[in-house]
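Position 1 is the first residue of the sequence, and the numbers go up from there.
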Amino acid sequence: MGSAGTSGDQKINVYIWDMDETLILLKSLINGTYAEAFNGVKNVQNGVEMGKMWENHILQICDDYFFYEQIENCNQPYLDVMREYDDGLNLSGYDFHHDGFGPPFDDVNKRKLAYRHRVIAQKYKKGLHNIIDQDMVKSWEILYDSTDRYTDRWLSSARGCLEHCAAGNTDLIPPIDSTHRSNCARTGCDHVNVLVTSGSLIPSLAKCLLFRLDGLIACENVYSSWEVGKLQCFSWIRDRFSRPNVQFCVVGDGWEECEAAEAMRWPFVKVDPWSTSYHRFPGLTLKDLDLYRSVVYGNPEGENEE
């Protein structure tokens, strides 16, 4: 994996996010636990139906655009892991349906998987509006808005927090050997959003698109810990951004990211979907994350002070 390219004396804050029940709500909608936490205020069945609709959208994106039926059993920890096998072939006329991709997972099929990963990355960077038809766009937008209302703006608030971390930079799709960073006038440093999800890679990329996170988290910054575990992903991220002035902060709801963060000696912010929790959306802000960072890394030059 390439190293992140920025000057050695440039300060950089890397925010490592969990996805499910952190940036998005899905499992708790489907099993009803999100609504049940509100003691009858929210209709449980409405949440279940929304969750199932999200599942259908995710599967449709995966199957129709991301080769999921072909590569479901070839889950990788990140898209660029197959880069060394990609010979740069022009894929404009390539027949993905009849190229013989499948077992055994030898170098020939690794190259074919690399082709698929390259196309997935290209579609991700184009954005969902440019790859799906208008009927699906309308259905998706209605579902997003209704889910956001149902969850008291959880989705849009989480996205807003990511926007603050990215500091409003619109050029957020770098190559793997550079940081997905933005120039932050507030702190004079770069901010990077990285996603480490326990879900498999391709559905997680589809979720990023559907939940409007793709403009804030580059596809190169999406990691799946499905098979390798979060500690391994965190180690790759540490090595990728390794330099004296980097600071990390992990945000998630689960024990695995908590233990991995502790092992790395990184601050961990636990998100809790329960309505009485402080660290949830809406509510969690960049200032909160910076306060957690300052506990571990200190608070140089009065950063975070009013």
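Pairs of residues two or more places apart, or lying in two chains, that qualify as salt bridge (charged side-chain N to carboxylate O under 4.0 Å, His left out) and include a residue from residues 252-261 are K230-E257. Screening residues 36-50 for salt bridge (charged side-chain N to carboxylate O under 4.0 Å, His left out) gives K42-D152 as the qualifying pairs, with residues at least two apart or on separate chains.
Judged purely by distance below 3.5 Å, without hydrogens or angles, the side chains of N13 and H191 pair a donor atom with an acceptor atom. For the residue pair Y297/D290, the side-chain donor-acceptor check at 3.5 Å is not satisfied. Using modelled atom types, one finds a donor on one side chain and an acceptor on the other under 3.5 Å when comparing N193 with W17. Under 3.5 Å, the side chains of H117 and Q122 contain no donor-acceptor pair of N or O atoms. A donor atom on one side chain and an acceptor atom on the other are found under 3.5 Å apart for D99 and Y94.
Not a single donor-acceptor pair under 3.5 Å links the side chain of K270 to the backbone N or O of H279. In this structure, R265 contributes its side chain and A263 its backbone to no donor-acceptor pair below 3.5 Å. Looking at N109, its side chain never comes within 3.5 Å of a backbone N or O of K112 through a donor-acceptor pair. Proximity of a side-chain donor or acceptor of S28 to a complementary backbone N or O of T33 within less than 3.5 Å is not detected. The closest donor-acceptor contact from the side chain of S294 to the backbone of L291 lies under 3.5 Å. A donor-acceptor pair under 3.5 Å is formed between the side chain of S204 and the backbone N or O of S200. The closest donor-acceptor contact from the side chain of Q70 to the backbone of F96 lies under 3.5 Å. Distance alone, capped at 3.5 Å, places no donor-acceptor pair between the D148 side chain and the Y144 backbone.
A261 approaches F234 most closely through the heavy-atom pair N-CE2, 3.7 Å. When every heavy atom of R293 is checked against every heavy atom of Y15, the shortest pair comes out as NE-OH, 3.4 Å. The nearest pair of heavy atoms linking L284 to C161 is O-SG, 3.9 Å. Of all the heavy atoms in V228 and C233, the pair that sits closest is CG2-SG, 3.8 Å. Of all the heavy atoms in V269 and Y292, the pair that sits closest is CG2-CG, 3.5 Å.
Under a cutoff of 6.0 Å and an axis angle of 45°, R212 and W140 form a cation-pi pair. Geometrically, R116 engages F67 in a cation-pi contact defined by less than 6.0 Å to the ring centre and at most 45° from the axis.
Salt-bridge formation is detected for the pair D80/R83: a Lys NZ or Arg NE/NH1/NH2 atom is positioned less than 4.0 Å from an Asp or Glu carboxylate oxygen. Ion pair E220/K125 flagged as a salt bridge, since at least one NZ, NE, NH1 or NH2 atom sits closer than 4.0 Å to an Asp/Glu carboxylate oxygen. In summary, D20 and K207 engage in a salt bridge, as defined by a charged side-chain N under 4.0 Å from a carboxylate O.
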**OP:** Apply side chain to side chain donor-acceptor pair (under 3.5 Å) to the pair H129 and Q134, showing each step before the final yes or no.
**Re:** CA-CA 8 Å; H129 283 90; Q134 289 305 304; over 6 Å; no

**OP:** Verify side-chain contact (heavy atoms from CB on, under 4.5 Å) between I61 and L128, making sure each step is shown before the conclusion.
**Re:** CA-CA 9 Å; I61 296 297; L128 203 55; 3.7 Å; yes

**OP:** Output, in order, the C-alpha distance, side-chain angles, deciding distance and verdict of salt bridge (charged side-chain N to carboxylate O under 4.0 Å, His left out) for R280 and D272.
**Re:** CA-CA 6 Å; R280 66 191 305 275; D272 189 342; over 6 Å; no

**OP:** Could you go through the side-chain contact (heavy atoms from CB on, under 4.5 Å) check for I237 and F248 one step at a time?
**Re:** CA-CA 10 Å; I237 294 166; F248 299 91; 4.0 Å; yes

**OP:** Go through E227 and N75 one step at a time and tell me if the side-chain contact (heavy atoms from CB on, under 4.5 Å) criterion holds.
**Re:** CA-CA 8 Å; E227 296 179 5; N75 184 59; 3.8 Å; yes

Original post:
Step by step, would you call Q232 with S225 a side-chain contact (heavy atoms from CB on, under 4.5 Å)?
Top reply: CA-CA 8 Å; Q232 175 62 75; S225 65; over 6 Å; no

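Note: M19 CE to S224 OG = 10.5 Å, rounded to the nearest 0.5 Å. Atom CG of L23 sits about 5.5 Å away from atom CD1 of I217, to the nearest 0.5 Å. Atom CG of L209 and atom OH of Y65 lie 11.5 Å apart (nearest 0.5 Å). Separation of atoms CD (Q76) and SG (C74) is listed at 7.0 Å; rounding is to 0.5 Å. Rounding to the nearest 0.5 Å places CG of D106 at 10.0 Å from OH of Y85. To the nearest 0.5 Å, atom CG of residue N43 and atom CZ of residue F38 are 13.5 Å apart.
With sequence neighbours excluded, the residues forming a side-chain hydrogen bond (donor to acceptor under 3.5 Å, both in side chains) with T147 are W54, listed by chain and number. Here D64 pairs with nothing under the side-chain hydrogen bond (donor to acceptor under 3.5 Å, both in side chains) rule; sequence neighbours left out. The side-chain hydrogen bond (donor to acceptor under 3.5 Å, both in side chains) check on D95 picks up H98, with sequence neighbours excluded. Remark: T285 engages D288 in a side-chain hydrogen bond (donor to acceptor under 3.5 Å, both in side chains) (not counting sequence neighbours).
Using cut-offs of 30° and 60° for the angle between ring planes, the Y34 and Y150 rings count as tilted. Using bins of under 30°, 30° to 60° and over 60° for the plane-to-plane angle, the ring pair Y78/Y223 lands in the tilted bin.
Annotation: side chain of F281 is not in contact with side chain of R153 (no heavy-atom distance under 4.5 Å). Taking 4.5 Å as the limit, some side-chain heavy atom of L205 sits within range of a side-chain heavy atom of C219. In this structure, the side chains of L91 and V119 come closer than 4.5 Å at one or more pairs of heavy atoms. Residues V14 and C249 have side chains not in contact (no heavy-atom distance under 4.5 Å, counting atoms from C-beta outward).
Of the options I71, I58, D63, a side chain to side chain contact (heavy atoms under 4.5 Å, CB included) to I202 is made by I71 and by none of the others.
Under a hydrophobic-cluster definition in which Ile, Leu, Val, Met, Phe, Trp and Tyr are linked whenever side-chain heavy atoms come within less than 4.5 Å, directly or via other members, L113 and L89 are assigned to the same cluster. Cluster membership check: L231 does not share its hydrophobic cluster with W255, using side-chain heavy-atom separations under 4.5 Å among Ile, Leu, Val, Met, Phe, Trp and Tyr.
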